[in-house]
Enquirer: 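Below is a structure I'd like to ask you about.
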Amino acid sequence: MKAFTYLRPGDGAEAVAMLREHGPDARIIAGGQSLLLALKDRSARPPVLVSLRGLPELSGVRADGDELVVGATTTYADLTRTRLPGWQATIAAVAGDLADRPVRTMGTIGGALCAADPRYDALTLVTGVGARLEVLSADGLRVLQPAEFFAPGGGTLLEPGEVLTAVRFPGVAAWDTVVFEKFRTRVFDAALASVLCAVRVDPAGTLTEVRLTVGAAVPVPVVALGTGSALVGSPAVDVDLDAVARAVVTEVLSDRDDSPAAQYARELVAALTRRALLRALPSPRS
Ligand SMILES: Cc1cc2nc3c(=O)[nH]c(=O)nc-3n(C[C@H](O)[C@H](O)[C@H](O)COP(=O)(O)OP(=O)(O)OC[C@H]3O[C@@H](n4cnc5c(N)ncnc54)[C@H](O)[C@@H]3O)c2cc1C
């Protein structure tokens, strides 16, 4: 690991000022779980690290109107311990079922989103439920949709000197049920494929909104918008799970790639979609 200067700003604005002062030499560090690996193998050699650890304004969970605001430096361990109502409990469940305890203790939701590795669960989560991302720069605060934050081919569209300060999740009324399914080889491995299914169902059992999002098997999570909107208006109990799983695969993954890896990804996404729908939709069904 190359030597570096470690800076500790007092708040987000000071972090932005430090990033501006040091320009491309500076890099943010939050929990260090992704960045330290890059420093150790020297694929990243920043002379200056600006630490976001211990900044109260960037950490913790609070309500703001209808939205649930999760500070960017909130660790997965903290999220796991947070009791959230309705579908938002899935946020804590996702946080509690990734990596291992040391990674969850140090790793932050904001760090995962900024590392933007498609295998990380947070990317599928924020895209799937329609969260918004709060970004601070010298020009002030802006709030982005996931599609404005993640670059289409992978990575983020953050400008140099910008800091992700919070994730703004929709309110508890936004969804009736949110289910996250993933496949990993070993329990502490990152996902090979993931699917998030978010649904709203009216009192008569008719689907009023369906959002199916595929992650990990693609460079950036993709919402199967066509498949979801085709389901709106159907009785939830009548949904043909296999047909929807096939439709998601067709909409999101290319069928031109015949390599075993691509075929495997298609099978995984179909199986996870079916599983997510089965859990998300009201019973009875086969
Ligand atoms: C062994 C291991 C197993 C893992 N398994 C899983 C898994 O199963 N599922 C899963 O989802 N994830 C997994 N992860 C990934 C883990 O979730 C991330 O490494 C962690 O959340 C990143 O957060 P961090 O705070 O440590 O980020 P850091 O490593 O500190 O930073 C990551 C990157 O984001 C930038 N950055 C950090 N915070 C901000 C910010 N607020 N604004 C702007 N830029 C920022 C940094 O400059 C850096 O480029 C695993 C990681 C490890 C090491």
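Here the structure is a predicted model, which means the values were calculated and not measured. Order of appearance sets the numbers: ligands from 1, and atoms from 1 within every ligand.
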Enquirer: Considering the heavy atoms of Thr108, write down every atom of ligand 1 situated less than 4.0 Å from one of them.
Expert: 21 (O), 23 (O), 24 (P), 25 (O)
Enquirer: Which protein non-hydrogen atom lies closest to atom 32 (C) of ligand 1, naming both residue and atom, and how far is it?
Expert: Gly111 O, 3.6 Å
Enquirer: Tell me whether Val214 is reachable from Leu241 by hopping between hydrophobic residues (I, L, V, M, F, W, Y) whose side-chain heavy atoms are closer than 4.5 Å.
Expert: yes
Enquirer: Could you tell me, atom by atom, which parts of ligand 1 come under 4.0 Å of a heavy atom of Gly31?
Expert: 24 (P), 25 (O), 26 (O), 30 (O)
Enquirer: Say whether Thr213 and Thr124, considering side chains only, have a donor N or O and an acceptor N or O under 3.5 Å apart.
Expert: no
Enquirer: Please report the shortest heavy-atom distance between Pro170 and Ala174, naming the atom on each side.
Expert: CB-CB, 3.6 Å
Enquirer: If we only count N/O pairs under 3.5 Å, is Lys182 in contact with ligand 1?
Expert: no
Enquirer: Using a strict cut-off of 4.0 Å, indicate which atoms of ligand 1 neighbour a heavy atom of Ile29.
Expert: 30 (O)
Enquirer: Between the side chains of Thr108 and Tyr76, does any donor sit under 3.5 Å from an acceptor?
Expert: no
Enquirer: Rest of the hydrophobic cluster containing Val143 (Ile/Leu/Val/Met/Phe/Trp/Tyr, side-chain heavy atoms under 4.5 Å)?
Expert: none
Enquirer: List every atom of ligand 1 that sits less than 4.0 Å from any heavy atom of Leu52, numbering the atoms from 1 in the order shown and giving each element.
Expert: 40 (C), 41 (N)
Enquirer: Is it the case that ligand 1 has an N or O less than 3.5 angstrom from some N or O of Glu162?
Expert: no
Enquirer: Once you restrict to heavy atoms under 4.0 Å, what part of Val103 touches ligand 1? Side chain, backbone, both or neither.
Expert: side chain
Enquirer: What are the two closest heavy atoms between Leu55 and Gly12, and how far apart are they?
Expert: CD1-N, 4.2 Å
Enquirer: When the side chains of residues 145-160 are checked against the rest of the protein, which donor-acceptor pairs come out under 3.5 Å, sequence neighbours left out?
Expert:
| unit_1 | atom_1 | unit_2 | atom_2 | d |
| --- | --- | --- | --- | --- |
| Glu148 | OE1 | Gln145 | N | 2.6 |
| Thr156 | OG1 | Leu158 | N | 3.2 |

Enquirer: Just need the protein heavy atom nearest to atom 47 (O) of ligand 1, so name the residue and atom and give the distance.
Expert: Ile28 O, 2.5 Å
Enquirer: Short N/O distance, under 3.5 Å, between Arg119 and ligand 1?
Expert: no
Enquirer: Do me a favour and list the nearest non-hydrogen protein atom to atom 44 (N) of ligand 1 with residue, atom name and distance?
Expert: Cys114 SG, 3.3 Å
Enquirer: Can you check whether Gly110 has an N/O within less than 3.5 Å of an N/O in ligand 1?
Expert: no
Enquirer: What do we get for Tyr76 next to ligand 1 when only non-hydrogen atoms under 4.0 Å count, side chain, backbone, both or neither?
Expert: side chain
Enquirer: Among all protein heavy atoms, pick out the one at the shortest distance from atom 28 (P) of ligand 1; state its residue, atom name and that distance to 0.1 Å.
Expert: Gly32 N, 3.5 Å
Enquirer: Applying a heavy-atom cut-off of 4.0 Å, say which part of Asp189 lies close to ligand 1: side chain, backbone, both or neither.
Expert: backbone
Enquirer: If you count the atoms of ligand 1 from 1 in the order shown, which ones are under 4.0 Å from a heavy atom of Ala30?
Expert: 25 (O), 30 (O), 37 (C), 38 (N)
Enquirer: For Tyr120 and Ser34, run side-chain hydrogen bond (donor to acceptor under 3.5 Å, both in side chains): C-alpha distance rounded to whole Å, both residues' side-chain angles, the deciding distance at 0.1 Å, then the answer.
Expert: CA-CA 11 Å; Tyr120 294 175; Ser34 291; 2.9 Å; yes
Enquirer: Starting from atom 19 (O) of ligand 1, locate the nearest protein heavy atom and write down its residue, its atom name and how far away it is, to 0.1 Å.
Expert: Ser34 OG, 2.7 Å
Enquirer: Looking at Val16 and Ser137, what are the two nearest heavy atoms and their distance?
Expert: CG1-C, 3.7 Å
Enquirer: Identify, for atom 7 (C) of ligand 1, the protein heavy atom at the shortest distance, and state residue, atom and that distance.
Expert: Ala99 N, 3.6 Å
Enquirer: If only atom types and distance count, is the side chain of Ser229 paired as donor or acceptor with the main-chain N or O of Leu225 below 3.5 Å?
Expert: yes
Enquirer: Might you point out which heavy atoms bring Arg83 and Thr80 nearest each other, and give the distance in Å?
Expert: NH1-O, 4.1 Å
Enquirer: Would you say Asp64 and Arg62 make side-chain contact, with heavy atoms under 4.5 Å?
Expert: yes
Enquirer: Should you measure from each heavy atom of Phe188, which atoms of ligand 1 turn up under 4.0 Å away?
Expert: 3 (C), 5 (N)
Enquirer: Quick test of your reading of the structure: of Leu39, Leu58, Leu164, whose heavy atom lies closest to atom 42 (N) of ligand 1?
Expert: Leu164
Enquirer: Around atom 26 (O) of ligand 1, find the nearest protein heavy atom and jot down its residue, atom name and distance.
Expert: Gln33 N, 2.7 Å
